[in-house]
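Working notes for the structure below.
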Protein chains: 2
Amino acid sequence: MSDNLASKITDSELEVMKLLWCAKDALPVTEIREKLQGSKGWEPATIKTLVSRLVSKGVVRQEKRNVYYYSPVITEKEYSSWATKDLITRIYNGKASDLIASLVSSNGLTKDDIAELREMFKVEE
Amino acid sequence: MSDNLASKITDSELEVMKLLWCAKDALPVTEIREKLQGSKGWEPATIKTLVSRLVSKGVVRQEKRNVYYYSPVITEKEYSSWATKDLITRIYNGKASDLIASLVSSNGLTKDDIAELREMFKVEE
DNA sequence: TTGCTTAAGCTACAATTGTAAACTGCATTT
DNA sequence: AAATGCAGTTTACAATTGTAGCTTAAGCAA
(Lines give C-alpha, C1' and ligand atoms only; values in the text may rest on other atoms or scores of the structure.)
Protein backbone atom coordinates (compact mmCIF):
# COMPACT_ATOMS: atom_id res chain seq x y z
CA MET A 1 0.00 0.00 0.00
CA SER A 2 1.59 3.23 -1.03
CA ASP A 3 2.02 6.02 1.41
CA ASN A 4 -0.28 8.50 -0.16
CA LEU A 5 -3.19 6.12 -0.38
CA ALA A 6 -3.43 5.14 3.22
CA SER A 7 -2.35 8.46 4.56
CA LYS A 8 -5.37 9.93 2.99
CA ILE A 9 -7.99 7.92 4.80
CA THR A 10 -9.55 10.45 7.12
CA ASP A 11 -11.41 9.75 10.33
CA SER A 12 -14.85 9.89 8.77
CA GLU A 13 -13.75 7.83 5.83
CA LEU A 14 -12.28 5.29 8.19
CA GLU A 15 -15.74 4.60 9.57
CA VAL A 16 -16.83 3.63 6.09
CA MET A 17 -13.75 1.47 5.63
CA LYS A 18 -14.45 -0.33 8.88
CA LEU A 19 -17.88 -1.20 7.66
CA LEU A 20 -16.57 -2.45 4.34
CA TRP A 21 -13.91 -4.49 6.07
CA CYS A 22 -16.54 -6.19 8.19
CA ALA A 23 -18.69 -7.06 5.23
CA LYS A 24 -18.02 -10.37 3.57
CA ASP A 25 -18.96 -9.05 0.15
CA ALA A 26 -19.18 -5.78 -1.66
CA LEU A 27 -21.97 -3.54 -0.44
CA PRO A 28 -24.31 -1.16 -2.24
CA VAL A 29 -24.51 2.36 -0.88
CA THR A 30 -27.94 1.56 0.43
CA GLU A 31 -26.50 -0.83 2.93
CA ILE A 32 -23.56 1.31 3.84
CA ARG A 33 -25.99 4.06 4.50
CA GLU A 34 -28.29 1.90 6.56
CA LYS A 35 -25.50 0.87 8.86
CA LEU A 36 -23.90 4.26 9.27
CA GLN A 37 -26.88 6.52 9.34
CA GLY A 38 -27.91 5.18 12.68
CA SER A 39 -24.52 4.90 14.30
CA LYS A 40 -23.05 8.12 12.99
CA GLY A 41 -26.10 10.23 12.34
CA TRP A 42 -24.86 11.12 8.89
CA GLU A 43 -27.11 12.25 6.07
CA PRO A 44 -27.26 9.99 3.01
CA ALA A 45 -25.42 12.61 1.00
CA THR A 46 -22.59 12.64 3.47
CA ILE A 47 -22.13 8.93 3.23
CA LYS A 48 -22.15 9.05 -0.54
CA THR A 49 -19.48 11.72 -0.44
CA LEU A 50 -17.29 9.64 1.82
CA VAL A 51 -17.64 6.56 -0.33
CA SER A 52 -16.86 8.53 -3.48
CA ARG A 53 -13.79 10.03 -1.91
CA LEU A 54 -12.55 6.61 -0.90
CA VAL A 55 -13.01 5.46 -4.47
CA SER A 56 -11.05 8.48 -5.77
CA LYS A 57 -8.33 7.71 -3.30
CA GLY A 58 -8.10 4.22 -4.67
CA VAL A 59 -8.80 2.43 -1.42
CA VAL A 60 -12.28 1.33 -2.34
CA ARG A 61 -13.30 -0.33 -5.55
CA GLN A 62 -16.71 -0.03 -7.16
CA GLU A 63 -18.26 -2.61 -9.41
CA LYS A 64 -21.32 -1.97 -11.44
CA ARG A 65 -24.10 -4.47 -11.06
CA ASN A 66 -27.62 -3.20 -11.03
CA VAL A 67 -26.22 -0.53 -8.85
CA TYR A 68 -22.66 0.06 -7.70
CA TYR A 69 -21.21 -2.28 -5.11
CA TYR A 70 -18.31 -1.16 -3.01
CA SER A 71 -15.49 -3.15 -1.48
CA PRO A 72 -12.14 -2.31 0.08
CA VAL A 73 -9.00 -2.46 -2.02
CA ILE A 74 -6.76 -2.55 1.01
CA THR A 75 -7.26 -4.86 3.93
CA GLU A 76 -7.75 -3.73 7.44
CA LYS A 77 -4.49 -5.35 8.43
CA GLU A 78 -2.64 -3.49 5.72
CA TYR A 79 -4.13 -0.26 6.84
CA SER A 80 -3.59 -0.70 10.52
CA SER A 81 -0.05 -1.83 10.15
CA TRP A 82 0.60 1.09 7.87
CA ALA A 83 -0.93 3.48 10.38
CA THR A 84 1.11 1.98 13.15
CA LYS A 85 4.34 2.27 11.26
CA ASP A 86 3.43 5.81 10.39
CA LEU A 87 2.96 6.64 14.06
CA ILE A 88 6.27 5.05 14.91
CA THR A 89 8.00 7.03 12.21
CA ARG A 90 6.42 10.29 13.13
CA ILE A 91 6.66 10.23 16.86
CA TYR A 92 8.93 7.44 18.00
CA ASN A 93 11.82 8.11 15.67
CA GLY A 94 11.17 4.87 13.95
CA LYS A 95 11.73 2.79 17.05
CA ALA A 96 8.85 0.38 17.54
CA SER A 97 10.07 -0.68 20.95
CA ASP A 98 9.83 2.93 22.10
CA LEU A 99 6.16 2.84 21.28
CA ILE A 100 5.71 -0.21 23.40
CA ALA A 101 7.81 1.22 26.19
CA SER A 102 5.58 4.27 26.12
CA LEU A 103 2.51 2.09 26.38
CA VAL A 104 4.00 0.34 29.36
CA SER A 105 5.05 3.46 31.19
CA SER A 106 1.80 5.27 30.58
CA ASN A 107 -0.25 2.35 31.87
CA GLY A 108 -1.71 1.86 28.44
CA LEU A 109 -1.71 -1.89 28.93
CA THR A 110 -4.23 -3.90 30.86
CA LYS A 111 -3.30 -6.95 32.86
CA ASP A 112 -4.64 -9.05 30.03
CA ASP A 113 -2.57 -7.19 27.49
CA ILE A 114 0.51 -7.81 29.54
CA ALA A 115 -0.27 -11.48 29.93
CA GLU A 116 -0.69 -11.78 26.18
CA LEU A 117 2.53 -9.97 25.59
CA ARG A 118 4.45 -12.14 27.99
CA GLU A 119 3.15 -15.06 26.04
CA MET A 120 4.01 -13.43 22.75
CA PHE A 121 7.58 -12.65 23.72
CA LYS A 122 8.30 -15.67 25.77
CA VAL A 123 11.67 -17.08 24.90
CA GLU A 124 10.99 -20.28 23.05
CA GLU A 125 13.09 -23.26 23.36
CA MET B 1 -3.74 16.47 28.44
CA SER B 2 -7.22 16.97 27.16
CA ASP B 3 -8.31 15.41 23.96
CA ASN B 4 -8.83 18.49 21.92
CA LEU B 5 -5.43 19.91 22.70
CA ALA B 6 -3.27 17.09 21.58
CA SER B 7 -5.49 16.06 18.77
CA LYS B 8 -4.90 19.38 17.21
CA ILE B 9 -1.15 19.16 16.84
CA THR B 10 -0.67 18.79 13.12
CA ASP B 11 2.29 17.30 11.31
CA SER B 12 3.98 20.60 10.64
CA GLU B 13 3.31 21.81 14.12
CA LEU B 14 4.74 18.61 15.50
CA GLU B 15 8.09 19.48 13.97
CA VAL B 16 8.09 22.64 16.02
CA MET B 17 7.08 20.73 19.13
CA LYS B 18 9.91 18.28 18.63
CA LEU B 19 12.37 21.12 18.56
CA LEU B 20 10.92 22.68 21.69
CA TRP B 21 10.97 19.34 23.46
CA CYS B 22 14.66 18.96 22.69
CA ALA B 23 15.54 22.39 23.98
CA LYS B 24 16.43 22.62 27.63
CA ASP B 25 14.96 26.11 27.92
CA ALA B 26 12.42 28.27 26.21
CA LEU B 27 13.48 29.42 22.77
CA PRO B 28 12.96 32.66 20.89
CA VAL B 29 11.49 32.37 17.42
CA THR B 30 14.86 33.28 16.02
CA GLU B 31 16.29 30.02 17.19
CA ILE B 32 13.30 27.95 16.26
CA ARG B 33 13.58 29.43 12.83
CA GLU B 34 17.30 28.79 12.60
CA LYS B 35 16.86 25.13 13.34
CA LEU B 36 13.86 24.52 11.14
CA GLN B 37 14.60 26.72 8.20
CA GLY B 38 17.41 24.47 7.16
CA SER B 39 15.84 21.12 7.88
CA LYS B 40 12.36 21.91 6.65
CA GLY B 41 12.95 24.66 4.15
CA TRP B 42 10.22 26.76 5.68
CA GLU B 43 10.00 30.51 5.32
CA PRO B 44 10.30 32.54 8.52
CA ALA B 45 6.65 33.51 8.27
CA THR B 46 5.61 29.89 8.12
CA ILE B 47 7.47 29.09 11.27
CA LYS B 48 5.95 32.06 13.05
CA THR B 49 2.50 30.87 12.02
CA LEU B 50 3.11 27.40 13.34
CA VAL B 51 4.40 28.67 16.64
CA SER B 52 1.45 31.02 17.02
CA ARG B 53 -0.99 28.27 16.28
CA LEU B 54 0.61 26.08 18.91
CA VAL B 55 0.24 28.90 21.39
CA SER B 56 -3.44 29.31 20.50
CA LYS B 57 -3.91 25.62 20.94
CA GLY B 58 -2.48 25.87 24.41
CA VAL B 59 0.34 23.42 23.89
CA VAL B 60 3.08 26.01 23.80
CA ARG B 61 3.57 28.80 26.29
CA GLN B 62 5.11 32.16 25.47
CA GLU B 63 6.88 34.36 27.94
CA LYS B 64 7.86 37.90 27.22
CA ARG B 65 11.45 38.77 27.84
CA ASN B 66 13.17 41.07 25.45
CA VAL B 67 11.38 39.04 22.89
CA TYR B 68 8.96 36.16 23.27
CA TYR B 69 10.37 32.85 24.39
CA TYR B 70 8.49 29.67 23.67
CA SER B 71 8.35 26.41 25.57
CA PRO B 72 6.12 23.35 25.47
CA VAL B 73 3.21 23.06 27.86
CA ILE B 74 2.86 19.34 27.31
CA THR B 75 5.75 16.92 27.46
CA GLU B 76 6.77 14.71 24.62
CA LYS B 77 5.84 11.66 26.66
CA GLU B 78 2.37 13.00 27.31
CA TYR B 79 1.90 13.68 23.66
CA SER B 80 3.22 10.42 22.37
CA SER B 81 1.30 8.33 24.82
CA TRP B 82 -1.82 10.26 23.96
CA ALA B 83 -1.23 9.73 20.24
CA THR B 84 -0.65 6.05 20.83
CA LYS B 85 -3.81 5.61 22.82
CA ASP B 86 -5.64 7.51 20.16
CA LEU B 87 -4.38 5.12 17.49
CA ILE B 88 -5.38 2.16 19.60
CA THR B 89 -8.83 3.57 20.10
CA ARG B 90 -9.33 4.47 16.49
CA ILE B 91 -8.03 1.42 14.78
CA TYR B 92 -7.45 -1.37 17.26
CA ASN B 93 -10.79 -1.19 19.02
CA GLY B 94 -9.04 -0.10 22.14
CA LYS B 95 -6.94 -3.25 22.42
CA ALA B 96 -3.32 -2.35 22.90
CA SER B 97 -2.16 -5.90 22.48
CA ASP B 98 -3.73 -5.95 19.03
CA LEU B 99 -1.47 -3.12 18.07
CA ILE B 100 1.54 -5.06 19.19
CA ALA B 101 0.32 -8.21 17.51
CA SER B 102 -0.03 -6.23 14.32
CA LEU B 103 3.52 -4.99 14.66
CA VAL B 104 4.72 -8.52 15.12
CA SER B 105 2.81 -9.98 12.21
CA SER B 106 3.73 -7.20 9.83
CA ASN B 107 7.41 -7.48 10.63
CA GLY B 108 7.41 -4.06 12.14
CA LEU B 109 9.87 -5.13 14.77
CA THR B 110 13.59 -5.45 14.36
CA LYS B 111 15.62 -8.14 16.08
CA ASP B 112 16.69 -5.53 18.58
CA ASP B 113 13.14 -4.49 19.23
CA ILE B 114 12.21 -8.05 19.91
CA ALA B 115 15.14 -8.55 22.22
CA GLU B 116 14.12 -5.47 24.17
CA LEU B 117 10.57 -6.64 24.35
CA ARG B 118 11.54 -10.06 25.59
CA GLU B 119 13.43 -8.30 28.30
CA MET B 120 10.54 -5.98 29.03
CA PHE B 121 8.01 -8.78 29.36
CA LYS B 122 10.20 -11.31 30.95
CA VAL B 123 8.51 -12.94 33.89
CA GLU B 124 10.40 -11.58 36.84
CA GLU B 125 11.96 -13.34 39.76
C1' DT C 1 16.57 61.63 15.66
C1' DT C 2 15.80 59.11 11.69
C1' DG C 3 15.77 55.38 9.24
C1' DC C 4 16.75 50.21 8.98
C1' DT C 5 15.98 45.63 10.70
C1' DT C 6 13.25 42.55 12.49
C1' DA C 7 9.58 40.54 15.94
C1' DA C 8 4.93 40.07 16.28
C1' DG C 9 0.46 40.37 14.39
C1' DC C 10 -2.73 40.23 10.71
C1' DT C 11 -4.13 38.70 6.26
C1' DA C 12 -4.06 35.40 2.40
C1' DC C 13 -4.96 31.57 -0.20
C1' DA C 14 -5.22 26.80 -1.92
C1' DA C 15 -6.01 21.96 -0.47
C1' DT C 16 -8.23 18.87 2.54
C1' DT C 17 -11.92 17.46 5.54
C1' DG C 18 -16.56 17.22 7.55
C1' DT C 19 -20.88 17.77 6.36
C1' DA C 20 -24.54 18.14 3.15
C1' DA C 21 -27.84 20.09 -0.51
C1' DA C 22 -29.05 20.41 -5.48
C1' DC C 23 -29.38 18.29 -9.77
C1' DT C 24 -29.80 14.61 -13.19
C1' DG C 25 -31.04 10.55 -15.19
C1' DC C 26 -32.85 5.90 -14.98
C1' DA C 27 -36.15 2.59 -13.27
C1' DT C 28 -40.37 1.48 -11.18
C1' DT C 29 -45.22 2.61 -10.09
C1' DT C 30 -49.63 4.20 -11.30
C1' DA D 1 -46.82 7.83 -20.68
C1' DA D 2 -46.33 10.76 -16.61
C1' DA D 3 -44.88 11.02 -12.22
C1' DT D 4 -42.06 9.49 -8.29
C1' DG D 5 -38.05 8.01 -6.13
C1' DC D 6 -33.67 7.03 -5.52
C1' DA D 7 -28.48 6.12 -7.35
C1' DG D 8 -24.98 8.72 -8.80
C1' DT D 9 -22.78 13.36 -9.79
C1' DT D 10 -21.89 18.06 -9.00
C1' DT D 11 -21.68 21.86 -6.18
C1' DA D 12 -21.37 24.07 -1.54
C1' DC D 13 -19.46 25.86 2.36
C1' DA D 14 -17.09 26.38 6.80
C1' DA D 15 -13.04 24.78 9.50
C1' DT D 16 -8.45 23.21 9.46
C1' DT D 17 -3.85 22.82 7.58
C1' DG D 18 0.25 24.00 4.89
C1' DT D 19 2.47 27.66 3.36
C1' DA D 20 3.59 32.40 3.26
C1' DG D 21 3.21 37.64 2.39
C1' DC D 22 2.04 42.38 4.23
C1' DT D 23 1.86 45.71 8.03
C1' DT D 24 3.00 47.71 12.19
C1' DA D 25 5.76 48.77 15.93
C1' DA D 26 9.90 48.90 18.41
C1' DG D 27 14.87 48.65 19.13
C1' DC D 28 19.38 49.57 17.32
C1' DA D 29 22.68 51.84 14.26
C1' DA D 30 24.20 55.88 12.05
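Just so it is clear, the values below take in all heavy atoms, side chains as well, and ignore hydrogens, waters and symmetry mates. Residue numbers begin at 1 in each chain, while the letters A, B, ... track the order of the sequences.
For D11(A), the side chain to side chain donor-acceptor pair (under 3.5 Å) test picks out R90(B), with sequence neighbours left out. The side chain to side chain contact (heavy atoms under 4.5 Å, CB included) check on R33(A) picks up V29(A), Q37(A), P44(A), I47(A), K48(A), with sequence neighbours excluded. Among residues two or more places apart in sequence or in another chain, the side chain to side chain contact (heavy atoms under 4.5 Å, CB included) test is passed with E34(B) by none.
If you take CD of Q62(A) and P of dA7(D), they are 14 Å apart, rounded to a whole angstrom. Separating the NZ atom of K8(B) from the P atom of dA15(D) is a distance of 12 Å, rounded to the nearest angstrom. Per the geometry, CG belonging to D11(B) stands 14 Å off C1' belonging to dT19(D), to the nearest Å.
Within the structure, ring pair (Phe, Tyr, Trp, His ring centres under 6.0 Å) pairs that include any residue of residues 21-67 of chain A comprise W21(A)-Y79(A) (at least two apart or interchain). Counting only residues at least two apart or in different chains, side-chain hydrogen bond (donor to acceptor under 3.5 Å, both in side chains) contacts with residues 97-117 of chain A comprise Y92(A)-S102(A), K95(A)-S97(A), S97(A)-D113(B), S97(A)-E116(B), T110(A)-D113(A), D113(A)-S97(B), E116(A)-K95(B), E116(A)-S97(B). The stretch residues 14-29 of chain A participates, sequence neighbours left out, in these salt bridge (charged side-chain N to carboxylate O under 4.0 Å, His left out) pairs: E15(A)-K18(A), E15(A)-K40(A).
Within residues 12-36 of chain B, the residues that place at least one heavy atom under 4.0 Å from DNA chain D are, in residue-number order, S12(B).
Contact annotation: T10(B) reaches the phosphate of dG18(D) (side-chain N/O to OP1 or OP2, under 4.0 Å).
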Between side-chain atoms of residues 58-67 of chain A and protein atoms elsewhere (two or more places apart, or another chain), which donor-acceptor pairs fall under 3.5 Å?
residue: R61(A); atom: NH1; partner: S71(A); partner atom: OG; Å: 3.4
residue: Q62(A); atom: NE2; partner: Y70(A); partner atom: OH; Å: 3.3
residue: E63(A); atom: OE2; partner: R65(A); partner atom: NH2; Å: 3.3

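In this structure, N66(B) reaches neither bases nor backbone, as no heavy-atom distance under 4.0 Å exists between it and the strands shown.
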Scan nucleotides 20-26 of chain D against the protein and return all N/O pairs shorter than 3.5 Å with their distances rounded to 0.1 Å.
residue: dA20(D); atom: OP2; partner: E43(B); partner atom: N; Å: 3.4
residue: dA20(D); atom: OP2; partner: T46(B); partner atom: OG1; Å: 3.1
residue: dA20(D); atom: N7; partner: T49(B); partner atom: OG1; Å: 3.2
residue: dA20(D); atom: N6; partner: T49(B); partner atom: OG1; Å: 2.6

